[in-house]
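This report refers to the structure that appears directly beneath it.
Computed from a predicted structure; not experimentally measured.
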2 protein chains.
Amino acid sequence: MTIVIMFQGKSDVSLREKKKIETRNKIFEVSGRLFKEKGIENTTVDEIVKEAGIGKGTFFNYFPSKTSLLLYFAQQKEELTFSQIKNEALKTVSTREKIKNVLVFVAKTNELDKELTKIFVFEYMRHYGSSLDKRKSHGLSNILYSLIEDGIKKEDVKSTIDAKKAAQIISAIYFHSLVEWLWSKIDYSFSDDISGKIDIVFDGIAEGRT
Amino acid sequence: MTIVIMFQGKSDVSLREKKKIETRNKIFEVSGRLFKEKGIENTTVDEIVKEAGIGKGTFFNYFPSKTSLLLYFAQQKEELTFSQIKNEALKTVSTREKIKNVLVFVAKTNELDKELTKIFVFEYMRHYGSSLDKRKSHGLSNILYSLIEDGIKKEDVKSTIDAKKAAQIISAIYFHSLVEWLWSKIDYSFSDDISGKIDIVFDGIAEGRT
DNA sequence: TTTTAAATATGACTGCGGTCATAAATGACT
DNA sequence: AGTCATTTATGACCGCAGTCATATTTAAAA
């Protein structure tokens with residue numbers, strides 16, 4: 001008896017839980033469709049809740065802001081990209097090439113859907129530092145960090161380098177170059193640009209020896 | 001006769017011109033005060049126009065958005081900083097030290113008023129790519145660019161370096177490090193951080209020779 | 001001075017993100 | 001089944017940036 005009651009009470013598939021998941025999914029489904037159809041800026045929360053058949057307040061029970069919903073989509077995409085990186089992009093030998101591969105791979109992902117990337121980067125910038133957590137941006141930084149540490153062990157990266165600083169430098173360059181490229185009027189290959197910059201960082205810009 | 005009429009018509013000190021300048025200044029004065037008193041986010045356009053004694057529509061005749069007013073303030077501050085740089089920060093010999101000096105100088109300016117910097121950087125990020133011109137962010141980039149070109153001529157920077165790319169790299173690092181520092185929980189010297197990173201870029205991170 | 005054209009001012013209004021007091025649904029317990 | 005506590009849903013409402021049709025002011029022409 002007690003056991004049965006406890007089971008029902010604590011169960012993950014209680015009616016409440018089911019409905020929550022259902023509503024959540026409905027919001028994802030509808031908003032995803034509307035964002036694609038008419039762009040993020042032009043999709044209002046009122047439209048989403050109308051199409052999803054829920055009240056406006058309900059939306060904000062699930063997502064504290066419209067942006068938090070956006071960031072969910074961005075995160076999804078990022079996680080997918082990173083899982084692919086780990087499997088595919090690290091087949092070369094030198095650290096320099098590995099890092100290039102990682103960045104070019106991410107770059108190519110972005111090149112595929114420039115407009116979408118623009119929207120996400122924009123939303124990300126708009127809200128950096130305002131409440132939302134930073135795990136996101138550190139995915140790339142972490143990957144770079146371990147690559148550089150490996151490089152130090154393998155002795156194709158100077159042992160005197162602060163791996164953390166170096167990783168920050170490279171992700172700074174990546175992010176900055178991405179933004180420049182996204183809003184540039186002239187068209188050029190982002191992959192080439194980033195690749196050239198990595199070479200500069202690896203070789204250094206100072207004349208002579210240290 | 002004709003001459004007199006033309007003179008009045010084309011004069012810069014016509015009644016119209018006078019009133020325009022007056023209104024513009026009034027907006028600057030009031031908004032500047034309110035921003036300091038209660039923060040940018042908490043100051044509404046309605047408040048500004050009320051205190052300035054003008055209609056709301058008038059405000060938007062002078063500034064297309066609240067942000068454009070913000071950017072005016074940011075630009076003012078930046079121009080002041082840059083004029084100081086040119087006079088004071090370039091007294092060293094090596095290109096590396098010159099660049100460090102420039103960045104550390106700007107960094108120190110930011111360290112003086114962390115909260116204000118935060119607000120401006122935040123506003124800048126929030127609105128990058130949305131209509132407003134980019135001259136702003138390129139002030140630093142341009143200074144770095146000429147320093148690097150000088151360095152190439154003076155032969156303490158590799159002649160093979162693409163000066164434009166190098167300038168972009170350094171300003172990327174500067175901006176990224178600034179953002180990290182501004183929103184970091186732990187307290188550290190921004191100047192030291194940026195200085196160390198410049199060394200890495202100058203010396204390169206690759207082991208061995210190129 | 002009077003008329004006409006152009007620039008400028010204005011505030012009611014709109015659209016949208018987000019809040020909150022209240023209502024409905026659900027689960028635990030008897 | 002009935003009662004009570006807790007979770008979830010809801011939409012009227014709010015604050016604020018930005019718009020627009022209309023009114024006012026200034027300059028030029030007659």
Test ring-ring contact (aromatic ring centres under 6.0 Å, His included) applied to Tyr72(A) and Phe28(A), step by step: CA-CA 9 Å; Tyr72(A) 166 82; Phe28(A) 286 145; 4.2 Å; yes
Whole Å only: how far is the NZ atom of Lys26(B) from the C1' atom of dA9(C)? 17 Å
May I have the distance from Phe63(B) (atom CZ) to dA9(C) (atom P), rounded to whole angstrom? 12 Å
Atom NZ of Lys18(B) and atom C1' of dA27(D): how far apart are they, to the nearest Å? 15 Å
Does this structure show an ion pair linking Asp193(A) with Lys165(B), if we count only N-O contacts that are shorter than 4.0 Å? yes
Using a heavy-atom cut-off of 4.0 Å across all strands, would you classify Phe59(B) as base, sugar-phosphate, or nothing? nothing
Residue closer to the 5' end of DNA chain C, Lys19(A) versus Lys66(A) (nearest nucleotide): Lys66(A)
Using a heavy-atom cut-off of 4.0 Å across all strands, would you classify Thr44(B) as base, sugar-phosphate, or nothing? sugar-phosphate
Salt-bridged, Asp199(A) to Arg96(A), with N to O below 4.0 Å? yes
Of the candidates dT8(D), dG17(C), dG18(D), the side chain of Phe60(A) sits closest to dG17(C)
Relative to the 5' end of DNA chain C, which residue comes earlier, Arg16(B) or Gly55(B), by the nucleotide with the nearest heavy atom? Arg16(B)
Lys/Arg-Asp/Glu bridge criterion (N-O < 4.0 Å) met for Arg33(A), Glu37(A): yes
Measure the distance from OH on Tyr62(A) to C1' on dT10(D) and round it to the nearest whole Å. 13 Å
Atom pair distance, as rounded to whole Å: CG in Asp46(B) and P in dA17(D): 7 Å
Starting at CD1 of Ile40(B) and ending at P of dA17(D), how long is that distance when rounded to a whole Å? 12 Å
Would you say the side chain of Asp46(A) lies within less than 4.5 Å of the side chain of Lys50(A), judging by non-hydrogen atoms? no
Roughly how many Å is it from CG in Leu15(A) to C1' in dA9(D), rounded to a whole number? 14 Å
Taken to the nearest whole Å, CG/Asn42(B) to P/dA17(D) is 11 Å
Would you indicate, yes or no, if dT8(D) has its OP1 or OP2 atom less than 4.0 angstrom from a side-chain nitrogen or oxygen of Lys20(A)? yes
Within the pair Thr58(A) and dT10(D), is there a side-chain N or O less than 4.0 Å away from OP1 or OP2? yes
